[in-house]
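Each remark here refers to the structure printed beneath this line.
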Protein chains: 2
Amino acid sequence: MSGALKDAAIRVERPAKTLRELALDKVREAIVNGYFRPGDRLVERDMCAQLGVSRTIVREVLRHLESEGLVANLPNKGPIVAQLDLDEAKQIYEIRGVLEGMAARLCAQRGSPEIVTALETSLQGIRDSYRDKDMPGVLSHTSSFYQTLFTMVDRHVAWGVVNLLTVRINHLRSMTIKTKNRDIEGPRQMAKIVDAIRNGDGEGAYKAAMDHVAAASAIAEAVLSAKDSAE
Amino acid sequence: MSGALKDAAIRVERPAKTLRELALDKVREAIVNGYFRPGDRLVERDMCAQLGVSRTIVREVLRHLESEGLVANLPNKGPIVAQLDLDEAKQIYEIRGVLEGMAARLCAQRGSPEIVTALETSLQGIRDSYRDKDMPGVLSHTSSFYQTLFTMVDRHVAWGVVNLLTVRINHLRSMTIKTKNRDIEGPRQMAKIVDAIRNGDGEGAYKAAMDHVAAASAIAEAVLSAKDSAE
DNA sequence: AATCGTATTATGGCGTACCACACACTATCA
DNA sequence: TGATAGTGTGTGGTACGCCATAATACGATT
């Protein structure tokens with residue numbers, strides 16, 4: 001028995017990730033942070049060269065991203081980076097609203113101090129990042145705030161859904177957080193969520209989470225319609 | 001010109017779907033209706049033979065189903081049909097509850113008679129199928145009931161999410177609908193949703209939809225824990 | 001005979017080459 | 001000038017081959 005344990009302890013940590021997973025992450029990253037722009041064609045053989053992998057891998061990666069909604073396939077034309085229209089974005093925000101509201105209510109009902117502590121840590125991270133004008137930091141701390149909200153009450157499936165939807169609006173997110181006053185209003189709204197959770201106020205937490213997403217949605221709508229009329 | 005038209009007239013109608021999509025549907029079908037059982041290994045080369053397509057296609061299909069959550073990949077072992085545990089099933093029902101509740105509320109607020117008519121048609125289809133002991137019919141009419149709920153208020157994204165989650169619990173669904181009294185209780189609960197929508201009672205519709213899913217979840221839990229203890 | 005090492009097999013991961021087809025563009029010729 | 005035939009680009013799909021790993025079977029050694 002102790003031998004087995006020892007073996008486990010010594011075990012060399014292999015990368016474990018397959019080439020395909022690495023490529024998948026790279027391409028998703030590239031789409032999410034704007035290296036590939038919406039509407040760009042994703043030519044298989046070009047991507048083989050850029051990624052340094054075979055077409056087999058590229059094709060599987062493209063299929064995967066297609067099912068995530070990040071890539072669209074034009075018949076007889078091939079894959080492009082999916083375009084996001086206003087209506088779809090609003091729907092995504094709406095869904096996030098109800099799911100995050102649900103998670104917030106569950107957190108409040110759970111009433112565990114660790115949740116509050118973890119949320120406050122993330123929230124402080126957001127404030128610090130805003131102060132340092134570190135926008136990627138804002139996004140990642142915001143993500144971890146919501147991740148806490150879901151995983152602390154063991155809602156991994158819902159968190160997966162939210163994540164899936166969020167990547168599709170990622171470039172919107174990076175625009176909304178740069179909006180005027182968002183550095184004050186955003187954290188203030190999230191603090192209201194935390195307060196309600198601390199007080200065990202389920203309905204208050206639900207409403208605060210919904211409000212926060214609604215605000216983000218409104219900003220996104222303004223940003224997106226402004227961009228549309230500019231083009 | 002007339003020559004071109006003539007050519008167009010005799011043009012052979014090829015299926016618009018690619019081979020890959022056909023294979024994807026076939027395999028998903030096979031998993032959903034139990035031809036492949038949870039835990040079964042999905043050996044690539046065997047599937048090539050069974051489907052009559054190349055390994056490339058099979059691999060892309062497996063990747064796609066993996067991202068849908070129907071297939072799991074064991075490291076150094078390969079793909080298997082995903083197992084569903086009780087906790088995950090409960091989470092899926094919970095998410096469906098909030099999303100279907102949301103859609104029901106929106107339908108009630110919209111207050112359009114066509115929605116009520118369409119829902120009643122589906123509901124009658126369910127009742128007829130129950131009467132004829134046509135269980136696949138029950139499932140498909142139930143699906144179209146919810147599809148109406150979502151698409152009549154243009155919530156295609158949410159409908160997509162619900163669909164994605166539903167395939168993962170499909171074999172549970174086919175067990176819950178066979179439960180005692182479900183042929184009476186199920187349609188009764190759905191009728192309550194329709195009634196609330198007809199009366200423009202948003203909160204009532206929300207609650208009725210939540211109740212219906214909650215009932216299904218409870219039955220699924222009973223079924224699943226009974227099966228676990230039996231094995 | 002029990003055990004330990006080794007060969008074999010099954011299978012996935014990955015790469016390459018190839019053909020067919022659709023589409024867009026272009027140059028050419030009447 | 002305008003139709004037409006080429007030409008290039010790119011995906012859909014297939015076949016084959018190689019390598020790494022895990023499991024199993026088999027055989028040798030003590």
Side-chain angles (χ1 to χ4, degrees), chain A residues 3-4 7-8 10-27 31 36-37 39-67 70-83, chain B residues 1-27 31 36-37 39-67 70-82:
Chain A
D7 285 353
I10 294 188
R11 180 176 205 92
V12 9
E13 275 310 323
R14 263 183 314 184
K17 281 202 169 184
T18 65
L19 199 52
R20 173 167 46 84
E21 292 173 290
L22 295 173
L24 176 61
D25 290 342
K26 278 258 188 268
V27 177
I31 293 177
F36 293 125
R37 311 276 289 278
D40 280 2
R41 293 192 60 179
L42 299 170
V43 177
E44 291 181 5
R45 286 172 173 91
D46 291 355
M47 300 190 65
C48 294
Q50 291 184 46
L51 293 168
V53 299
S54 77
R55 218 180 131 206
T56 310
I57 305 287
V58 170
R59 288 179 61 148
E60 290 175 17
V61 166
L62 288 174
R63 297 304 151 250
H64 196 118
L65 292 172
E66 190 184 342
S67 75
L70 274 180
V71 165
N73 239 317
L74 307 181
N76 297 324
K77 209 64 184 300
I80 62 171
V81 178
Q83 315 254 13
Chain B
M1 181 65 100
S2 85
L5 275 177
K6 203 166 153 195
D7 285 351
I10 62 170
R11 182 180 203 88
V12 319
E13 274 309 325
R14 264 189 315 183
K17 285 198 169 185
T18 64
L19 201 53
R20 195 181 57 241
E21 293 173 287
L22 295 173
L24 176 62
D25 290 343
K26 277 259 188 268
V27 178
I31 293 177
F36 293 125
R37 311 278 287 280
D40 280 3
R41 293 191 60 180
L42 299 170
V43 177
E44 292 181 3
R45 287 171 173 90
D46 291 354
M47 299 190 66
C48 294
Q50 292 184 45
L51 294 168
V53 298
S54 76
R55 224 177 126 201
T56 308
I57 305 287
V58 170
R59 291 181 55 121
E60 288 176 352
V61 166
L62 288 175
R63 300 288 97 80
H64 196 117
L65 293 172
E66 189 185 343
S67 74
L70 275 181
V71 165
N73 239 317
L74 306 182
N76 295 324
K77 208 68 183 299
I80 62 170
V81 178

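Just so it is clear: chains get the letters A, B, ... in the order the sequence lines come, proteins before strands, and each one is counted from 1.
Put simply, the residue from A/I80, A/V81, A/L65 that forms a side chain to side chain contact (heavy atoms under 4.5 Å, CB included) with A/L42 is A/V81.
Two residues, B/G52 and A/P79, neighbour DNA chain D, and the one matched to the more 5' nucleotide by heavy-atom proximity is A/P79. DNA chain D is contacted by both A/T56 and A/G78; A/G78 maps to the nucleotide lying nearer its 5′ end (nearest heavy atom per residue).
Note: CG (A/L62) to P (D/dG10) measures 14 Å, nearest angstrom. Rounded to whole Å, the distance from CD on A/E60 to P on D/dG13 is 14 Å. Straight-line distance from the CZ atom of A/R20 to the C1' atom of C/dG12: 10 Å, rounded to whole Å. A straight line from CE of A/M47 to C1' of D/dG10 spans 14 Å, rounded to a whole angstrom. Taking atom CG of residue A/L51 and atom C1' of nucleotide C/dG15, one finds them 15 Å apart after rounding to whole Å. Atom NZ of B/K77 and atom P of C/dG13 are 13 Å apart (whole Å). The distance from atom CZ of B/R59 to atom P of D/dG12 is 17 Å, rounded to the nearest whole Å. Across the protein-nucleic acid pair, A/D46 atom CG and D/dG10 atom P stand 6 Å apart, rounded to whole Å.
For A/L19, taking side-chain heavy atoms from C-beta onward, the closest of the listed nucleotides C/dC14, D/dA15, D/dG10 is C/dC14. Comparing atom distances between the A/I57 side chain and each of D/dG12, C/dC14, D/dT14 picks out C/dC14 as nearest. Out of D/dG12, C/dT16, C/dG13, the shortest distance to the side chain of B/T18 is found at D/dG12.
Distances shown here put a side-chain N or O of A/R63 below 4.0 Å from the OP1 or OP2 atom of D/dG12.
Between B/E60 and B/R63 there is no salt bridge, since no side-chain N of the basic residue sits under 4.0 Å from a carboxylate O of the acidic one.
B/R45 contributes a side-chain N or O that forms a donor-acceptor pair with the base of C/dG12 under 3.5 Å. On a pure distance criterion of 3.5 Å, a polar donor-acceptor pair joins the side chain of A/R55 and the base of D/dG12.
Heavy atoms of other residues, nucleotides or ligands lying less than 6.0 angstrom from CZ of A/R55 number more than 12.
Across all non-hydrogen atoms, the minimal contact from B/I57 to B/R20 is CG2-CA, 3.9 Å. Of all heavy-atom pairs between A/S54 and A/C48, the closest is C-SG, 3.8 Å.
Nucleic acid contact for B/L42: sugar-phosphate only, since backbone atoms but no base atoms lie under 4.0 Å from a heavy atom of the residue.
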